[in-house]
Protein chains: 2
Amino acid sequence: MARVSIEDVANLAGVSITTVSRVINNKDYPVAEKTKKKVLKAVKELNYFPDFTAQNLRNNFSNTIGLITREISDPYFGIIARAVTERASYYGVLSIVCNTGRNPVNELQYHDLLWQHKVRGIILSGGGLDADDYRDKLQEQIKRYNDHGNRIVSLAPQGLEMPYVTIDNRATGEMITDYLVDLGHRKIAFLGGPEQIYTASERVKGYKLSLTKHGLTFDPTLLHHGQFSWESGYEAARRLLLENREFSGICCANDDIAYGVLQALKEQNIQVPGQVSVISIGDLPLSTHIDPPLTTAQVPLYDMALRAVDVIMDGSKPDHNASLIFKTPIVKRLSTAPYISGLGQG
Amino acid sequence: MARVSIEDVANLAGVSITTVSRVINNKDYPVAEKTKKKVLKAVKELNYFPDFTAQNLRNNFSNTIGLITREISDPYFGIIARAVTERASYYGVLSIVCNTGRNPVNELQYHDLLWQHKVRGIILSGGGLDADDYRDKLQEQIKRYNDHGNRIVSLAPQGLEMPYVTIDNRATGEMITDYLVDLGHRKIAFLGGPEQIYTASERVKGYKLSLTKHGLTFDPTLLHHGQFSWESGYEAARRLLLENREFSGICCANDDIAYGVLQALKEQNIQVPGQVSVISIGDLPLSTHIDPPLTTAQVPLYDMALRAVDVIMDGSKPDHNASLIFKTPIVKRLSTAPYISGLGQG
DNA sequence: TTGTATGCGTTATCAA
DNA sequence: TTGATAACGCATACAA
């Protein structure tokens, strides 16, 4: 059974396909009221919907945007996906979601596939990788898109020239460290993400900056590089305890790490925030539910992602190539408290 | 700047576009080795990628599938999305993700948009709604797809004739109740999802079935209908306590509800499983991390979603219209224990 | 083994 | 105010 086409509608209405097209798209093109009625009636009667594949071929653009995520089942990316799909709908375009499973090879492949789909633009949601071939390919992709008037926007620094809607990762790392220092903590650990992810390394830099600024010495045994995951935080915290490190505060590079930390501390009957204060970056929904509720620098992912879609769809805006930096206010909850006494060495 | 087309490749290689097309798609069509080389060289040199919008128009199918989710930031749907995108990639198609925000109107609109995109099929991930206009429209959509040889598959019962990859919700509700009864519990509460969602009401039916089967009387004050959410579970548990209900076990219709329950109990210093056993349906990743780790009937969402993509892409299989019912084994963790004494009335 | 020509469903240009 | 027609990029039936 064949789909109903614009021609079917034209035949039923007794007009040309041109007229039908005009009635449907060119809302303000002058068409006789009577003709318009006939056409609309035929459209309804046949339950006609324009074929996007034909429109897209003709228009040299598809009505889709691409979203590249690393792990869509992680609420971090889920929130982004929610915002993107919602805002895309508002613009009347659909969202093609490409989940890489954290494999850069997949990511590169998706770029080509999205290109073939003539997406209006691509939103990158993961942090830039510190690998030459990856960056080269991405750079090439960006150029290709720029040459054709569409855009790749990133929600995390890629270390490349392109539009961003992001946060200041270094400043945020500094901010959460400052927060603990201001509470009187002096021995502060930092549990970071993967070293080769730009976002992660920036947050570490902020941590070090804060220490220096306050005249505190950086202790390498209190810095840990791992994954942005519960397990990584859990393991890192256990190690700190096992090695009997001296500290009273822990900065976590993201919420997931903090969740793991809280569990590890709980298992050892260490009071949070009584003995150790924990702070992180993110503010995922779970952070209000976890015990104790997490003090965290809020990354307004949802708003950022909405804005990223705007940048793609609203390319006319003068600021379309400028970077938008969102603030990351600290949300005070119950996982942090003024310093009383710390852990370790005594 | 124009995209490079098949014609550009043909020109550079000094052959016809037909030949180029054959080299690229029809891997086994006889083409002289020398010609093939020339074409491939030109393809590479021009960095040519076929235009999907043209292919799709020509093929009368697009290389996409649609996924309709209710709340993509919820790991329940996130896991489904992960599986779908992954499996879609395997088949060489992209995934259009449509998130409804739990608004049925959006869902219906997405059906039309996906139709216009000529998706190969649609995967429904939310449970069927008990509303006539919704079901009528969905029914119509299914018919439309059937008439054109593509498929709508559902991961949750819709109360309509269509292929399913799902679980037996009623049996699972019964199973978790049985589990608590077998542990010696007699007063068991059930905290359910929205009454008008088929999935939710089936789970309640299973609960009642189990009670009857064991000669236990159903106590309406121990049954609560709410949302599939943390907040809903939290509130429901608080109410049970506030009203001083007599019970020693709680069955939760999904994991999120159970998380809220655990927090409510913890806040009242009620021991789990010492005083109250908690069991649920789902087994999201967080369930192993929560304190205490949750005993839960495992819904193999990931595998189910993979299979759903197979049903769409592998329509040739004889079982393509049959329902696949996945088992929901109970994963024993620390939130359940044999009955000692319960709560309330005493 | 290769090429020519047609058509997929639209939109837009031009003419009437 | 309306309509005929070219063109978008590709795959395929048919011809050579």
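Proteins get letters first, then strands, A, B, ... in listed order; numbering begins at 1 in each.
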So for the helix from dT1(C)-dA16(D) to dA16(C)-dT1(D), with five pairs setting each end axis, what is the inter-axis angle to 10°? 40°
Looking only at side-chain N and O atoms, does Thr18(B) offer a donor or acceptor that is under 3.5 Å from a partner on Ser21(B)? no
Look for any protein N or O under 3.5 Å of an N or O in nucleotides 9-12 of chain D and output each such pair with its distance, or none.
residue, atom, partner, partner atom, Å
dC10(D), OP1, Tyr48(B), OH, 2.4
dC10(D), OP1, Asp51(B), N, 3.1
dC10(D), OP2, Ile6(B), N, 2.4
dA11(D), OP1, Asn25(B), OD1, 3.4
dA11(D), OP1, Asn25(B), ND2, 2.8
dA11(D), OP1, Gln55(B), NE2, 2.6
dA11(D), OP2, Ser21(B), OG, 2.9
dA11(D), OP2, Asn25(B), ND2, 3.0
dA11(D), N3, Arg58(B), NH1, 2.4
dT12(D), O4', Arg58(B), NH2, 3.1
dT12(D), O4, Thr18(B), OG1, 3.2

Can you check salt bridge (charged side-chain N to carboxylate O under 4.0 Å, His left out) on Arg70(A) and Glu107(A), steps first, answer last? CA-CA 8 Å; Arg70(A) 295 263 160 84; Glu107(A) 186 154 343; 3.4 Å; yes
Between Thr19(B) and dG3(C), is there a side-chain N or O to OP1/OP2 distance below 4.0 Å? yes
Taking NZ from Lys34(B) and C1' from dT2(C), how many angstroms apart are they, rounded to a whole number? 14 Å
Consider only side-chain N and O atoms of Asp310(B) and Tyr91(B), and report whether a donor and an acceptor are under 3.5 Å apart. yes
Does a donor on one side chain sit under 3.5 Å from an acceptor on the other, for Ser73(A) and Tyr302(B)? no
Quiz question: by atom type and distance under 3.5 Å, do the side chains of Asn56(B) and His117(B) form a donor-acceptor pair? no
Under 4.0 Å between a side-chain nitrogen and a carboxylate oxygen: does that hold for Lys137(A) and Asp112(A)? yes
Does Thr85(B) use its side chain to pair, donor to acceptor, with the backbone of Asn99(A) at less than 3.5 Å? no
Does a salt bridge link Glu140(A) with Arg144(A), judged by any charged N lying under 4.0 Å from a carboxylate O? no
